[in-house]
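Here's the structure we're looking at; comments come further down.
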There are 2 protein chains.
Amino acid sequence: MARPRQILLTREKIVEAASALVDAEGLDALSTRRLATELGVQGPSLYNYFATKADIIDAVADAVIEQVDVSAFGRFPWAEALRRWAQSYRAVLSEHPNVVPVLAQGPGRRPASLAMAEAVYGALVDGGWSYAQATHIGALMRYLVTGSSLGSFALGFDVDPSLYEVYPHLRHAPRLAEHHEAVDEGAFELGLDLLITGLTARHEMGTR
Amino acid sequence: MARPRQILLTREKIVEAASALVDAEGLDALSTRRLATELGVQGPSLYNYFATKADIIDAVADAVIEQVDVSAFGRFPWAEALRRWAQSYRAVLSEHPNVVPVLAQGPGRRPASLAMAEAVYGALVDGGWSYAQATHIGALMRYLVTGSSLGSFALGFDVDPSLYEVYPHLRHAPRLAEHHEAVDEGAFELGLDLLITGLTARHEMGTR
DNA sequence: ACCTGAACACCGTTCAAGT
DNA sequence: ACCTGAACACCGTTCAAGT
């Protein structure tokens, strides 16, 4: 039984199954053997479609970025466009927190990530920022979006209450987990507001 | 040969060797067998000192956080203390970029991380911020510090120049790698400045 | 108490088949 | 061209030894 009577896989099917697995159980749950089983196939079959497991993960990550709405960049001034893009970016990443560690590493050579970076830099440069400043602003936005989408600031505190007896100000930390989405979204909105307000002020002052 | 004529390991020796390995070759290079070899010992021996590999990594991460200078919190008003702490935090993380993904997940139950969080929240609350606001500000600082210390914003672009022919605004992206520390530090300083300036303004307006 | 070899249940990847 | 079983060189972890 070592033959294909018919094609069983496509790149799309593999990416779809891998995305579902990562979303449901995390990056660590994604193994080539496990993924293959999920697809009714043997492990090595995947290598007919992807050179390495890292390439599969890259495809999963790029599929997430494809969902980000960059259309604001044509339709609004740079500050408003930046705000709308960042909000869409965060909304998408929040639905796929397990993929965020991959995206936090940078665009790599993923097409959707590069196209998004191109749109952001283009809009900032068109808006009057220098390339150096646009680079800083783009980086800053990525810190904010990826940081708040890891979704783990609140969850990152262990839930064992006895842990916090020594730390008076952290007494309520384990209860953060109950509304962790609100905490991370609140921090994101605060940061976005401070950054855009501050950048707008500098832009108007000509301090660029 | 299955006996200890004398003790070969301590927790400290293990953490030291693990830190060196992670700093030099990255988290993926840290395997229990490899680490044991480095220590002149067999893999299972490590389990006399740590319950799991994850616990070893936690100890490595906490040793990094121990180096962060939190002394500013007693000596300066909240805004200046926050700035000094964030700069020390980033300086320490920049020397250990491979550990940052662990720290980005949150404090967990690591003592130094919890003590640092306690110091930050205490200072903010003493400075007049509500617990809810202090939580947002603390989260925001972590996004900024961990994001910029991944050190990979600039490095995250693939170096193959032919990749960028389609993206006019990214033409110079591969050359970012040459001065990636400066890019990430610049983005961090810009973000820190915008956040602290904005927070100070809100604090003075009583908008807390 | 601490270190060992052997073992278990996994990995990512290669490759010579087979159709 | 695509799928397979077998194999290679790894993993983290457990456990019954041995001292």
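Protein chains get the first letters and strands the later ones, always in sequence-line order, with residue 1 at the start of each. These numbers come from the heavy atoms of this one structure, side chains and all, not from hydrogens, waters or symmetry mates.
When the P atom of C:dC11 is taken as reference, atom NZ of A:Lys53 falls 9 Å away, rounded to whole Å. Rounded to whole angstrom, the span from the CZ atom of B:Arg11 across to the P atom of C:dA1 amounts to 17 Å. The separation between A:Leu8 atom CG and D:dT4 atom C1' is 11 Å, rounded to whole Å. Remark: C1' of D:dC3 and CD of A:Gln6 are 12 Å apart, rounded to the nearest angstrom. If you take CD1 of B:Ile14 and C1' of D:dG12, they are 15 Å apart, rounded to a whole angstrom. Atom CZ of B:Phe50 and atom C1' of C:dC3 are 17 Å apart (whole Å). We find that CG of A:Asp28 is positioned 15 Å from C1' of C:dG12, with the value rounded to whole Å. The CD1-P distance, from B:Ile7 to C:dT4, rounds to 12 Å in whole Å.
When both pairing distances are held under 3.5 Å, C:dC11 makes no Watson-Crick or G-U pair with any nucleotide shown. With a 3.5 Å ceiling on both atom-pair distances, the Watson-Crick or G-U wobble partner of D:dA16 is C:dT4.
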### Pair B:Gln133-B:Leu124, side-chain contact (heavy atoms from CB on, under 4.5 Å): steps then yes or no
CA-CA 9 Å; B:Gln133 292 283 27; B:Leu124 288 169; over 6 Å; no

### Message
Let's go through B:Glu25 and B:Arg34 carefully: what are the C-alpha distance in whole Å and the side-chain angles of both, what is the deciding distance for salt bridge (Lys or Arg N to Asp or Glu O under 4.0 Å) to 0.1 Å, and is it a yes or a no?
### Response
CA-CA 12 Å; B:Glu25 304 186 35; B:Arg34 170 80 188 274; 2.7 Å; yes

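None of A:Val22, A:Val92, A:Val100 except one satisfies the side-chain contact (heavy atoms from CB on, under 4.5 Å) rule with A:Val64; the exception is A:Val92.
Considering only side-chain atoms of A:Asn48, the nucleotide from D:dT13, D:dC3, C:dC3 that sits closest is D:dC3. Of the candidates C:dT13, D:dT13, C:dC3, D:dT13 carries the atom nearest the B:Tyr47 side chain, counting heavy atoms from C-beta on. Across D:dT4, C:dT4, C:dC2, the shortest atom-to-atom separation from the side chain of B:Gln42 is found for C:dT4. Of the listed nucleotides (D:dC11, D:dG12, C:dT4), D:dC11 has the atom at the smallest distance from the side chain of B:Arg34.
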Is there any protein nitrogen or oxygen under 3.5 Å from a nitrogen or oxygen in nucleotides 6-10 of chain D, and what are the pairs?
residue, atom, partner, partner atom, Å
D:dA7, N6, A:Arg33, NH2, 3.3

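Side-chain nitrogen and oxygen atoms of B:Tyr49 include none within less than 4.0 Å of the OP1 or OP2 phosphate oxygen of C:dA1. Distances shown here put every side-chain N or O of A:Ser45 at or beyond 4.0 Å from the OP1 or OP2 atom of D:dC2.
B:Tyr47 and B:Asp55 are not linked by any side-chain donor-acceptor pair at a separation below 3.5 angstrom, with hydrogens and angles left out of the test.
Here the closest heavy-atom approach between residue B:Ala61 and residue B:Val102 is recorded as CB-CG1, 3.9 Å.
Remark: A:Arg90 is positioned above the aromatic ring of A:Phe188, its terminal NZ or CZ atom under 6.0 angstrom from the ring centre and at most 45 degrees off the axis.
A salt bridge between B:Arg109 and B:Asp58 is absent, with no side-chain N of the basic residue lying under 4.0 Å from a carboxylate O of the acidic one.
Here B:Leu30 lies in heavy-atom contact (under 4.0 Å) with sugar-phosphate atoms only.
Spacing between D:dA9 and C:dA9 at atom P, rounded to whole Å, works out to 22 Å.
In this structure the side chain of A:Arg33 never reaches within 4.5 angstrom of the side chain of A:Leu46, judged on heavy atoms. When side chains are defined from C-beta on, B:Met116 counts as touching B:Tyr89, because their heavy atoms get closer than 4.5 Å. In this structure, the side chains of B:Glu185 and B:Ser148 stay at 4.5 Å or more apart for every pair of heavy atoms.
The stretch residues 19-27 of chain B has no heavy atom under 4.0 angstrom from DNA chain C at all.
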